[in-house]
Each structure stands twice: as C-alpha cells, then as structure tokens.
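Below: the structure, in structure tokens.
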Amino acid sequence: MISIRGLKKSFRMEQQYVHAVNGVDLDIAEGEIFGVVGYSGAGKSTLVRCINFLEIPDEGSITIKGFGTFTARQSKLYHTPKGGGTEAPATQQELRQLRRSIGMIFQHFNLLDRSTVFENVAYPLRYTGISKEEIERRVKELLELVDLSDKIDSYPAELSGGQKQRVAIARALANNPKILLSDEATSALDPEVTESILKLLKDLNRKLGLTVILITHEMAVVRSICDQMAVMELGKIVESGNVYDVFADPHAASTRRFVNASFGLSNLDKLEESGVITITPDSKLVRLTFNRDSVGEALISEVSRKFKISLNIVLANVEILQDAPLGALIVLAKGDPGDVQRALDYITSCNVKVEVLRDGMA
Ligand SMILES: Nc1ncnc2c1ncn2[C@@H]1O[C@H](COP(=O)(O)OP(=O)(O)OP(=O)(O)O)[C@@H](O)[C@H]1O
Ligand SMILES: [Mg+2]
C-alpha cells in the first residue's frame, strides 16, 4: 500500500541541521494497522507528515497504491504516475488529490471551534463538487459510523475529549480515504476513552479495509491494535516487524526499554535499590520470556525439582497479544553454579527465552 525508500527530512535551526527523518525504509501492507513508536523527538510526526506531503521530504521516495511514486531530490518533489510513465515535477493538483485520499487525526483534534459537529465533518467535502443534499447524507452516515449522531448540532466545546476525537475521525474519513494517519490521537485521552477510540479505529480498519498508520509513544496502544510495528530513534527505524515477535524478542535498546516498561518490568531497578532483591554469590537474576511456542505449564516447579535449585519469582506478567499469550517472568535462581546452568539450558530447550540480568556468580 505504502512503500518508503531512503526518506530524509531535515530542518535548519540557526546554524545547525536537525535530521528529523534520516533515511527511513518502510513497507506498509494494505489493510494493516501499522504502529510507529519512539521517544519524543524521534521523528515520528515528521515521518507521517511526509507521507501526506504536509512536509516535503529532502530525499527519498514514497509509493502509494493508486497514486504512483513521489520522489524527492534536494527538497524538490517529482511524480511518476501509477503503472510507470515519465517523471515530472509534482503539481499542486496531484498533491491535493493525494491528501484528500489520506485522512489524518491528531492529539489535539484540530476541530473548528466556532463550527458545529456537522460543519466540522462537512468541511473537507466543500469544493468537491458534491451537492448540499449529498453532503448532508454523507455527514450523517459518517457520524453514525463513529456513533455520534446525537451531537450533530453541538459545538466542540460541548463535547468530551473522546467525542471530539470521534468528530475528527469522521472528518478524516469524509472523502473515503484508503489510508488514515493517526499522530498520537489518544495521547490526550484517559485510558478508558483511549480504549474506545482504539476499538473504533480497529472496527473502521476491518469495516472499510482502511490502512492505518498509528504514531504513538505508548506501547500499550501498539499492543492493543497494531499488526506490525516499527521503532524509531533519531530519525531512523531501529527495529520493525510483527508486533508479537517484536514484543517476544526485542533487539534494539530502545525497543527493550519500551517492552519492559509495558510489561511493568522497569520496576526491577526500584526493587533492587530498595533491597527487596539481593543478588548473592550463589544466585543469578534471570528473565524468562514465554511465547506461544513455549512448552511446559509447570516448568518452574519441574525445574526446581529436577535440578535441585531454587527459583523464586520476583516479577511476573502475562499479556495477550494478537490473541496469543506472552509471558515475562523475572526469577532469582539459586544453587550450585553447574545445576543453575543446566537448569537454564533445560528451560531454553523448552522454547523459553532466557536472559541473565544480574549474575552473582560471575
Ligand atoms: N518545523 C520544524 N522546524 C524545526 N525543527 C523541527 C520541525 N519539526 C520537527 N523538528 C525537529 O525534528 C525532530 C523530530 O521531531 P518530530 O516532531 O518529528 O518528533 P516526534 O517523534 O513526533 O516527537 P513527539 O513524540 O514529541 O511528538 C525534533 O528534534 C524536532 O525539534
Ligand atoms: Mg510528534
């Protein structure tokens, strides 16, 4: 659906250049919910703003199904029509047409405060050549889709945050886009409302076959509705893949931090500092990750018996991701070094990922 190659965008700040997007390659399949996570300043917003050309990239190309390829060279944009043909400078009309086919929602909703819900949703339909009656029909249909028909004459100030975001979603979908870009759309909402907006996005994704690119700094958001994900750091994608696989086996340091935080495992340092866990010379602090291929329900008690070591559970968490369980367990393994090693080897052989976090025996 979307194919990005060598995308770069920098900003000049006084004497310096900020490389907000610094060589991004990304493929997003049709009908997918694709999450992009990263810390503040990683370049996430700049990346999505390049996808609908609110920002013109410096270098790189973006191919969008049905729209051909847009290629940037030295901050100038060129367009190759779909199915090939000759490249020519991109025209305003081409960009307008493309933007109309890509909806976007934001953290702060960006509604027109002096306009009613009806007018807000109707806004992108003006100048599209459709009749007044048709606009009215379409707005009503959209409000039904986001479950907000009863607020058609309200003003934004009379709505809750979640309702405002529903209006923004209806507006973003006005022109029947195939792609929806969501930049921190739930970051200003409390957890319950976040949940309902995410559910709405998932429903729309299924019902309309909408491809969604979801920018967030919250792993919980990615975990709950995304199929694929990418982690961004300093303008680059440092890791990407299926959400379950990335959570089960994160590689990049920042991905690990995100995953640990989302599993509640960042409490570990606090536990150690407060003296709740002490790593003695006959012990190792180990992280076990149970994925859908792991075997052995009673693995912990089985291993303690078999290898004559003690395994104390320090922290535990099980998440359901893409309908499959993913468990993280922090255990303190104590005993004879040889026994502990054999026990960990055995656990590994049961398809459980073993990572030694602290090694008192070393
Ligand atoms: N218009 C601009 N002018 C100058 N610098 C910019 C501009 N837009 C973004 N930047 C810089 O580019 C970098 C990436 O910004 P961007 O907004 O893409 O990050 P982000 O990942 O969306 O962060 P956040 O999570 O805080 O929204 C930052 O260092 C930012 O200061
Ligand atoms: Mg941002």
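Note that the structure is predicted; figures quoted are calculated from it, not measured. Both ligands and their constituent atoms are indexed starting at 1 by order of listing. For this chain, numbers begin at 1 and follow the sequence in order.
- Protein heavy atom at the shortest distance from atom 18 (O) of ligand 1 is Thr46 OG1, 2.6 Å.
- For the pair Lys178/Met1, a side-chain contact is recorded, criterion being any heavy-atom separation below 4.5 Å from C-beta on.
- Counting protein heavy atoms only, atom 11 (C) of ligand 1 is closest to Val18 CG1, 3.9 Å.
- At least one side-chain heavy atom of Leu288 sits under 4.5 Å from a side-chain heavy atom of Ile300.
- Residue Tyr39 has at least one heavy-atom neighbour below 4.0 Å for each of these atoms of ligand 1: 21 (O).
- A cation-pi arrangement is not found for Arg305 relative to Phe307, the charged atom failing to lie both closer than 6.0 Å to the ring centre and inside a 45° cone about the ring normal.
- Looking at Met232 against ligand 1, nothing comes within 4.0 Å, counting heavy atoms.
- The aromatic ring centres of Tyr17 and Phe11 sit 6.0 Å or more apart.
- With hydrogens and angles disregarded, no donor-acceptor distance shorter than 3.5 Å links the side chain of Arg358 to the backbone of Ser283.
- Among protein heavy atoms, the minimum distance from atom 19 (O) of ligand 1 is reached at Gly43 N, 3.3 Å.
- Of the polar atoms of Phe11, none of the N or O atoms is found under 3.5 Å from an N or O of ligand 1, judged by distance alone.
- Heavy-atom distances between His217 and ligand 1 stay at or above 4.0 Å for every pair.
- In this structure, atom 17 (O) of ligand 1 lies nearest to the protein heavy atom Ser45 CB, 3.7 Å.
- The side-chain heavy atoms of Leu111 and Arg171, taken from C-beta on, include a pair separated by under 4.5 Å.
- Geometrically, Arg292 engages Tyr244 in a cation-pi contact, judged by NZ or CZ lying under 6.0 Å from the ring centre and within 45° of the ring axis.
- The nearest N, O or S atom of Ser45 is closer to the Mg ion (ligand 2) than 2.8 Å.
- Within a 4.0 Å radius of atom 30 (C) of ligand 1, the protein contributes no heavy atom.
- At under 3.5 Å, not a single nitrogen or oxygen of Ala20, backbone or side chain, sits near a nitrogen or oxygen of ligand 1.
- For atom 26 (O) of ligand 1, the protein comes within 4.0 Å by at least one heavy atom.
- The pair Glu87-Arg73 meets the salt-bridge criterion, with a side-chain N (NZ, NE, NH1 or NH2) lying under 4.0 Å from an Asp/Glu carboxylate O.
- In terms of protein heavy-atom proximity, atom 14 (C) of ligand 1 is nearest to Gly41 O, 3.5 Å.
- Checked against the 6.0 Å centroid criterion, the rings of Phe53 and Phe70 qualify as a close aromatic pair.
- In terms of N/O distances under 3.5 Å, ligand 1 is not approached by Glu55.
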